[in-house]
Amino acid sequence: MCSGIRYFPVTGDTEIQSRSDVLSGFTEAPEYRNGAGCSPATIHVAMTIDLEYLRGSIAAVHSVLRHASCPESVFFHFIAAEFDPASPRDLTRLVRSTFPSLTFKMYIFREDTVINLISSSIRIALENPLNYARNYLGDILDTHVNRVIYLDSDIIVVDDIQKLWNTTLQNNRVIGAPEYCHTNFTHYFTDRFWSDPLMSRVFGSRTPCYFNTGVMVMDMQKWRTGSYRKKIENWMEVQRRKRIYELGSLPPFLLVFAGDIEPIHHRWNQHGLGGDNVKGSCRKLHAGPVSLLHWSGKGKPWVRLDDGRPCPLDRLWEPYDLFRRHHHRQQSAVGSLGVDGYGREFKFDWMDWYEGILVM
């Protein structure tokens with residue numbers, strides 16, 4: 001299903017040999033070191049990486065390292081598409097040159113693993129085979145990886161990732177994620193699904209709630225032994241025959257897990273900041289504390305910033321962008337987002353700052 005390219009920290013300068021302006025357009029991130037009291041335990045984080053979302057992936061990694069109490073303890077598992085315009089080897093060189101101290105592994109995902117199971121979606125971007133790589137983490141990741149945090153590429157973390165890693169999955173649950181029981185769950189499936197007496201009873205005694213698959217804590221040992229990859233594939237095969245949903249890779253997860261996940265605090269997925277799947281309009285933060293911001297939806301912050309039409313919340317993403325074209329502007333933004341003119345860090349209230357930029 002995949003092969004891997006492993007890199008551990010190296011010393012010396014790394015020069016990226018690439019014809020792509022994007023691949024050669026990133027500046028090196030600051031070096032982040034462990035604080036006092038870090039244990040030797042490893043925090044495993046899995047993400048997909050490709051040319052289209054590269055700016056987002058690099059910013060997401062940067063945000064995790066910047067706010068981690070033990071950044072050297074974080075191991076990244078990157079999953080790259082086999083036939084992406086940016087080859088897995090080029091992406092490996094890019095990550096190594098941007099984060100010289102990072103420990104990571106690049107996996108090559110074979111798109112033919114899932115291509116015949118994908119049905120058309122409400123937005124063509126949702127049909128990208130790489131969106132389905134999370135279904136195959138049990139096969140892709142090394143067998144010694146028994147637990148992983150899965151993150152989408154359009155997020156930034158503004159809290160210590162250790163806190164999310166410490167989530168306890170109770171009652172033999174396989175995954176943990178923030179869930180949203182106020183959302184109308186019926187909207188995620190077609191009338192054909194709900195009118196079918198067999199399919200509509202799939203949830204049994206469960207009370208299903210919507211959750212977003214862009215942020216999940218996953219027990220990979222239980223995932224493998226429970227054959228959850230196959231359970232998800234079975235629903236994808238039903239979808240090909242009967243058209244029971246419209247939203248790409250999310251509904252099969254809901255069918256298998258909704259109502260039986262470990263609920264994580266909403267602060268760990270302030271999702272929907274990319275607007276809906278059609279217009280991608282600007283959104284506000286949900287009420288409450290923030291540990292992770294997620295630009296799910298059509299609008300992506302790097303695209304809107306480049307177009308000169310950013311939403312107010314896109315400014316929260318910008319300081320983590322390491323693309324050189326915006327580096328000078330980023331440095332100024334970082335200075336106002338937690339580092340004063342003398343390099344001293346200070347804390348701030350995200351909601352107060354957000355309300356401030358709305359009136360700027």
Side-chain angles (χ1 to χ4, degrees), residues 119 121-122 126 131-132 134-135 137-138 147-152 155 163-239 242-273 276-277 283 285-292 294 296-297:
S119 57
S121 180
I122 191 172
L126 300 177
N131 289 336
Y132 295 84
R134 73 193 86 184
N135 302 0
L137 288 177
R147 182 183 178 90
V148 71
I149 296 173
Y150 177 83
L151 297 176
D152 272 354
I155 63 97
K163 298 176 184 177
L164 182 59
W165 179 256
N166 289 341
T167 299
T168 299
L169 300 180
Q170 304 181 70
N171 300 322
N172 209 37
R173 288 168 175 151
V174 180
I175 65 173
E179 60 179 359
Y180 306 88
C181 295
H182 64 279
T183 302
N184 190 336
F185 190 80
T186 61
H187 289 172
Y188 292 94
F189 302 96
T190 63
D191 291 340
R192 183 170 188 175
F193 172 83
W194 293 114
S195 63
D196 187 299
L198 293 177
M199 286 194 292
S200 60
R201 290 204 301 265
V202 65
F203 300 107
S205 60
R206 292 183 282 159
T207 302
C209 293
Y210 162 76
F211 67 93
N212 183 283
T213 52
V215 180
M216 295 186 290
V217 178
M218 309 176 70
D219 186 319
M220 300 314 302
Q221 187 171 4
K222 292 176 182 174
W223 178 281
R224 296 181 183 109
T225 57
S227 301
Y228 285 98
R229 163 198 165 181
K230 184 59 180 175
K231 293 176 181 179
I232 289 174
E233 287 181 333
N234 287 343
W235 281 113
M236 294 176 69
E237 290 170 355
V238 172
Q239 163 72 352
K242 297 187 177 183
R243 194 69 184 179
I244 59 175
Y245 54 80
E246 303 288 347
L247 274 177
S249 62
L250 169 64
F253 261 85
L254 296 180
L255 288 163
V256 174
F257 292 108
D260 191 26
I261 70 168
E262 184 65 34
I264 295 175
H265 197 288
H266 289 177
R267 69 187 302 153
W268 284 104
N269 195 349
Q270 286 265 351
H271 68 289
L273 303 185
D276 59 27
N277 282 304
R283 294 275 181 88
L285 284 176
H286 310 296
V290 181
S291 293
L292 183 149
H294 186 189
S296 58

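Listed by first and then second residue, the disulfide bond (SG atoms under 2.5 Å apart) pairs that reach into residues 172-234 are Cys181-Cys209, sequence neighbours excluded. Counting only residues at least two apart or on different chains, the side-chain hydrogen bond (donor to acceptor under 3.5 Å, both in side chains) pairs with a member in residues 256-265 are Gln170-Glu262, Arg173-Glu262. Residue pairs that meet the side-chain hydrogen bond (donor to acceptor under 3.5 Å, both in side chains) test with at least one member in residues 187-202, sequence neighbours left out, are Asn184-His187.
For the atom pair Leu273 CG and Arg283 CZ, the distance stands at 8.5 Å (nearest 0.5 Å). The distance from the CG atom of Leu151 to the NE2 atom of His294 is 9.0 Å, given to the nearest 0.5 Å. How far CE of Met220 is from OG1 of Thr225: 10.5 Å, rounded to the nearest 0.5 Å. Between the CD atom of Glu179 and the CD1 atom of Ile261 there is a distance of 4.5 Å, given to the nearest 0.5 Å. A distance of 6.0 Å separates OH of Tyr180 from NE2 of His286, quoted to the nearest 0.5 Å.
Of all heavy-atom pairs between Trp223 and Arg229, the closest is NE1-N, 3.9 Å. Nearest heavy-atom pair across Pro252 and Met236 is CG-CG, 3.9 Å. For Glu237 against Lys230, the heavy-atom pair with the smallest separation is OE2-NZ, 4.1 Å. Closest non-hydrogen pair, Arg267 versus Ser291, comes out as NE-OG, 2.6 Å. Annotation for Arg147 and Thr168: closest pair NH2-N, 4.5 Å, computed over non-hydrogen atoms. Minimum heavy-atom separation, Pro289 to Gln270: O-NE2, 3.6 Å.
In this structure Tyr228 satisfies the side-chain hydrogen bond (donor to acceptor under 3.5 Å, both in side chains) test with no other residue, sequence neighbours excluded. For Thr213, the side-chain contact (heavy atoms from CB on, under 4.5 Å) criterion is met by Arg134, Phe211, Met216, Leu250, Phe253, not counting sequence neighbours. Applying the side-chain contact (heavy atoms from CB on, under 4.5 Å) test to Pro208 and every residue at least two apart in sequence or in another chain returns Phe185, Phe203, Ala258.
By the 4.5 Å heavy-atom criterion applied to side chains, Leu255 and Phe193 are counted as neighbours. Using a 4.5 Å heavy-atom cutoff, the side chains of Glu233 and Asn135 are not in contact. No side-chain heavy atom of Ile264 sits under 4.5 Å from any side-chain heavy atom of Val215. For the pair Leu254/Phe189, a side-chain contact is recorded, criterion being any heavy-atom separation below 4.5 Å from C-beta on. Put simply, the side chain of Asn212 reaches to within 4.5 Å of the side chain of Ser296, judged on heavy atoms.
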- Message: Walk me through whether Phe257 and Trp235 qualify under ring-ring contact (aromatic ring centres under 6.0 Å, His included).
- Response: CA-CA 12 Å; Phe257 292 108; Trp235 281 113; over 10 Å; no
